[in-house]
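Heads up: the structure comes next, in structure tokens.
We count residues from 1, following the sequence as given.
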Amino acid sequence: MNTPRSRKEKNQNQNKTAAIIFILAFVFCSIFIVAKTNTQVPAAGKTAMAFLSPFQKGFSSLGVGVSDLKDSVEEVQNMQVELENLREEVKNLRSQNLNASEAISENQRLRALLGYKQNATQFDLVAASIIGRESATWSSVVLINRGILDGVADNMAVVTELGLVGHVLEAGLNTSKVQLILDPRSSVGTLIQRPESRVAGIVEGDINNPHAPKMLNIPKDADVKEGDMIVTSGFGGVYPKGIVIGKIKEIHNDEGGLLKHGIVATTVNFEKLEDVAIIVNSREAPPEPLPPIIQSENTDPNSEDAAKQLEYSKQVQKEVHDRVKQAQEKQLEQARQSVGGTAN
């Protein structure tokens, strides 16, 4: 309950507050008038201004401080906006850089395949990209983005410019499964490329070493050395002859003692395999031209050496002629069968 004394003290406090507000209002008005006008101030006003001068300076400093604080806040806000813009720009530049690097890498791979296609005139190739791998056979079966609609069929050989990849295991309409030569279920007829050797064997995937197949069924005394290059033999009808597979890395004797096998380092890096080519058609490579016969001016054409050289040249020419004739007859027979199939 308020006593008369407490009410009196309350009224006094209110009066003091009102007086302070009045004085402050008067100070602001006086400062404003002096700042904005050049009129003469009466003596009483001068006395008041002298009294209020410290307050004016304080309020002026306070106004400058508030203005500086406002500018600082705006500057910080602008810097934050600029920082966000720079972060977004850096993000875009990184994305562009990654896309450019990927495009350059893809361009290099496709150029290599194109060069192989231009050089391997005995093959009709369809380029494809690997779009997946079977989870159960991650290292031995892949999925490519070409199928029956692109001319791909089962058992077609798959290669890169570096060598043999595998064969089409199952062709779909737009995609196909490719079994790699690393698959233990795969089997490729091969030859040692070295002319002095020409040893035949079979390359199969090794279940204990999924990254390096083996060349099997090599006779123990066969002329096979570490570093020998291996190519397809053409036996079996799936893989054309002469496609590079890899080289002999190691040679080991089998348990029976009659045979040995070689560990093969493939020329294709299957861990980085992205683009391949399918051999949709293959034909015999054209024979190499014969070197010209060089005769010395002092050579007697009736000599025994000249007669042997001439006989050898005739024999080689006959062999080449027979090969060309066989190839032509084979192509003609294929054309006849194609025409007959169309007629039916």
**OP:** Begin from the C-alpha positions of His261 and Ile263 and carry the test side-chain contact (heavy atoms from CB on, under 4.5 Å) through to its verdict.
**Re:** CA-CA 7 Å; His261 67 270; Ile263 307 299; 4.1 Å; yes

Would a 4.5 Å heavy-atom cut-off, applied to side chains only, mark [X] and [Y] as touching?
X: Glu226; Y: Ile251; result: yes
X: Val168; Y: Asn155; result: no
X: Met156; Y: His167; result: no
X: Val159; Y: Val276; result: no
X: Glu84; Y: Val81; result: no
X: Asp183; Y: Val141; result: yes

Original post:
Just wondering, are more than 12 heavy atoms of other shown residues or ligands nearer than 6.0 Å to CD in Glu196?
Top reply: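 Yes, CD of Glu196 has more than 12 neighbouring heavy atoms, counting only those of other groups under 6.0 Å.
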
**OP:** Any chance you could lay out the side-chain contact (heavy atoms from CB on, under 4.5 Å) test for Ile230 and Met215, step after step, and finish with the verdict?
**Re:** CA-CA 9 Å; Ile230 306 169; Met215 183 174 179; 3.9 Å; yes

Working to the nearest 0.5 angstrom, can you tell me the gap between [X] [atom1] and [Y] [atom2]?
X: Ile144; Y: Ile131; atom1: CD1; atom2: CD1; result: 8.5 Å
X: Gln193; Y: Lys247; atom1: CD; atom2: NZ; result: 13.0 Å
X: Ser176; Y: Leu143; atom1: OG; atom2: CG; result: 7.5 Å
X: Ile245; Y: Thr190; atom1: CD1; atom2: OG1; result: 5.5 Å
X: Asp124; Y: Ile279; atom1: CG; atom2: CD1; result: 10.0 Å
X: Leu182; Y: Ile207; atom1: CG; atom2: CD1; result: 13.0 Å

Are [Y] and [X] co-members of a hydrophobic cluster defined by side-chain heavy atoms under 4.5 Å apart?
X: Val238; Y: Leu169; result: no
X: Ile181; Y: Val231; result: no
X: Val142; Y: Val280; result: yes
X: Ile243; Y: Ile202; result: no
X: Phe123; Y: Val126; result: yes

**OP:** Check the pair Thr160 / Asp275 against side-chain contact (heavy atoms from CB on, under 4.5 Å), numbers first and verdict last.
**Re:** CA-CA 7 Å; Thr160 70; Asp275 299 288; over 6 Å; no

Subject >> Where at least one partner belongs to residues 248-268, residue pairs that pass salt bridge (Lys or Arg N to Asp or Glu O under 4.0 Å), sequence neighbours excluded >> reply: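 Of all non-adjacent pairs touching residues 248-268, none passes salt bridge (Lys or Arg N to Asp or Glu O under 4.0 Å).
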
Subject >> Pairs flagged by salt bridge (Lys or Arg N to Asp or Glu O under 4.0 Å) wherever residues 167-176 is involved - sequence neighbours left out >> reply: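 Sorted pair list comes back empty.
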
So which heavy atom on [X] is nearest to which on [Y], and how close?
X: Ala277; Y: Leu125; value: CB-CB, 4.2 Å
X: Arg185; Y: Ser140; value: NH2-OG, 4.4 Å
X: Arg198; Y: Pro195; value: CG-O, 3.5 Å
X: Ser187; Y: Tyr239; value: O-CE1, 4.0 Å
X: Pro213; Y: Val203; value: CB-CG1, 3.8 Å

Between [X] (side chain) and [Y] (backbone), is there a donor-acceptor pair under 3.5 Å?
X: Arg146; Y: Ile278; value: no
X: Ser197; Y: Ile192; value: no
X: Thr232; Y: Pro240; value: yes
X: Asp150; Y: Gly147; value: yes

Original post:
Can you name the salt bridge (Lys or Arg N to Asp or Glu O under 4.0 Å) partners of Lys214, sequence neighbours left out?
Top reply: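 In terms of salt bridge (Lys or Arg N to Asp or Glu O under 4.0 Å), with neighbours along the sequence ignored, Lys214 is linked to Asp206.
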
Subject >> side-chain contact (heavy atoms from CB on, under 4.5 Å) assessment of Ile218 paired with Val199 >> reply: CA-CA 8 Å; Ile218 304 174; Val199 174; 4.3 Å; yes

